[in-house]
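Values in this document were obtained by computation on a predicted structure and should not be read as measured data. In what follows, chains are A, B, ... by sequence order, proteins preceding strands, each numbered from 1.
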Amino acid sequence: MPTPYERPAPAPEGRAAATTATTTTAAASARPRRVYARPAEGRVIAGVSAGLAEHLGWPVRWVRIGFVLSCIPTGAGLVAYVFLWALSPQSRGGVIGGGITTIDPADPQAAARVPDPAKAKAASEERDATRVLLVGGVMVFVGLVVAAQSAGFNARLRILVPLLVVAVGAVIAWSQLDDAQRGRWLGNDSGTKRFSAARLVFGGILALAGLVIMATRGRSISAMWDIGAAVVAVLAGIALIAAPWMLRLWSDLRREQAELARATERADIAAHLHDSVLQTLALIQRKAQDPAAVVQLARAQERELRSWLYAAPTDPDVTLAAAVAEAAHEVEELHGIPVDVVSTGDRPLEDGGQALVRAVREALANACRHGEPPVSLYLEVGPAGVEAFVRDHGPGFDLDEVPEDRLGVRNSILGRMERHGGRARVRRLENGTEVSFALPPVTADAPEESHDHA
Amino acid sequence: MTTPERTVPRSRVRVVLVDDHRMFRSGVRAEIGELVDIVGEAPDVDSAVTVIRETRPAVVLLDVHLPGGNGNGGVDVLHGARGLETEDGQPVRFLALSVSDAAEDVIAVIRAGARGYVTKTINATDLVHAIRRVSDGDAVFSPRLAGFVLDAFGAAAGEIAEVDEELDRLSAREREVMRLIARGYQYKEVAKELFISVKTVETHVSSVLRKLQLSSRHELTAWAMGRRLL
């Protein structure tokens, strides 16, 4: 195949260079050693021309024209193209710009690690896949025409063309199966999966067609049909024989995976129980003489286990309900008095919410110190704002009787709520005290979240 | 429950205890055995249905998680003992009892017909009150159940029924009652707060229970469907 373009780029050498280039730096020589690889972007078919142009330092347009011209008389350029395609690695993140690449030989992996915006990536992949299918279709057409033309008199093409078709089919089916693509191939997003499957089927049919053409060696169309049918029959037979075995293998694999997942889950549960429940039980045995401590331990453990079993993981730094519940748990732990927390609705934690959480904590602490259990807390977050109620069953107190110097209630509950646009009220009930809190709804222009803990 | 004729000693409520933990059963028996008449015990679904059919108690204290049956625990017992009546002609009523306060557990037993739901940490006095109330045909709502109801019916978000009969939303009064129960108020405190009688409070709570059992509201059915309870 006397084409000037296949000489300078022996593919195995290019691949070896690719592996060494990842470890050597650009400073090793004045002109960084160019690696022959097909860039992922700026390609028309498979990036062979672009890669070659980049490798040789020629304008990419001339390389492309050369390939096309060399294809016309004998198809040699096509063969060279396919060879280069099949044997050259795809570069990672190289960008072609008018024959000059911006790939950094010092760290070609770095570009690949930068996450692309998912949308643009998916769109470009779809474009790529369409192009590959389109080019493949043209190639099939050309291949069939050449095969029909040469059926009678050109023995060389009769072998060459089918071989070419087989090669193109195989390349289309498998060449893109590098490690990055394999993940997508196995189906991450449906769009690329569909294109991958289409490509695989298309390549397979192409390869099969090539094999059939090669086998017929220009005999009549009907003989070709017979052989085609025979090939299909043989393949079907193989599939029939292998299918039960494959199915069993597959189900075995699935079962093993499920068992593994179960075992992992069991191990997680065991580890958690060991760290929490068993430790608490040991502590309880040691503190058996102290009923209060035992109750407190059991209560804390119950709460922990309950949240682990039932609650979705919520971050107390993020939502109001989670922060209020967290405050209640802290008070409960501190005073050893159970606090029943009921909450409906939720919203992001902002400045007003922070103030509410602190005020509620203070009210709960007061209820535990001065009131009687049960202490309950109700939080309601709705479009009309936030309301919270802390209730105990103690003798109660009158705000007017609290001396001026006792700043607890007045400052840290009432004052704090007013500073944040809300209000708080202390009510003396027949049986206990209730502190109620209210916050206005978050206005549209208010920041959605706040990071500063005032 | 504070009206005189109810606190006057009357025939003790006949109770069947269904729980798969023997220690819990004996604990409850020791705590409330003096105040109610525990006529039977059962550790699983099938023996529970048998015992309930034989003894026909006024109230069944029913654990939500039980072995046996179709694997749905307390819900299976409720289905198995459906339509039973006591000797007085009252239906056999169920009070669910559980360690879990997960929403799906609550909704499952309530929709299967339980008249109330309390957690196992409840103290003896409150438990006896709850049993008596259920035996009188009232509903027992814990603060947590009230909070869940407010959530599920969108009441906290301001959805209010136009007419009381509407099944998918709470009326304004029902919402008030639920809010007070969620705040830890007893029925009589709710009554005092809203200037209504305890009986009216009980009516509202029973009406909420009915809505909870019959409503096809999206959140409720989604939960129930997701757990194959419907």
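- Residues B/Leu150 and A/Glu380 come closest through the heavy atom pair CD1-OE1, 4.4 Å.
- Here B/Arg25 pairs with B/Glu41 under the side chain to side chain donor-acceptor pair (under 3.5 Å) rule; sequence neighbours left out.
- When all heavy atoms of A/Ser376 and B/Arg183 are compared, the closest pair comes out as OG-O, 3.2 Å.
- To the nearest 0.5 Å, atom CD of residue B/Glu193 and atom CD of residue A/Glu434 are 7.0 Å apart.
- Summarising the local packing, CD of B/Glu34 is surrounded by 12 or fewer heavy atoms from other residues, nucleotides or ligands at distances under 6.0 Å.
- Taking a cutoff of 4.0 Å between a charged side-chain nitrogen and a carboxylate oxygen, A/Arg391 and B/Glu189 qualify as a salt bridge.
- Residues passing the salt bridge (charged side-chain N to carboxylate O under 4.0 Å, His left out) test with A/Arg347, sequence neighbours excluded: A/Glu350.
- Residue B/Lys120 places its NZ atom among more than 12 non-hydrogen atoms of other residues, nucleotides or ligands, all under 6.0 Å distant.
- Heavy atoms of A/Val375 lying under 4.5 Å from chain B are absent altogether.
- Counted within 6.0 Å of CZ on A/Arg369, heavy atoms from surrounding residues, nucleotides or ligands total more than 12; the atom is thus considered enclosed.
- Side chains of A/Asp340 and B/Pro143 form no contact here, defined as non-hydrogen atoms less than 4.5 Å apart.
- At least one cation-pi condition fails for B/Arg179 and A/Tyr378: the charged atom is not both under 6.0 angstrom from the six-membered ring centre and inside a 45 degree cone around its axis.
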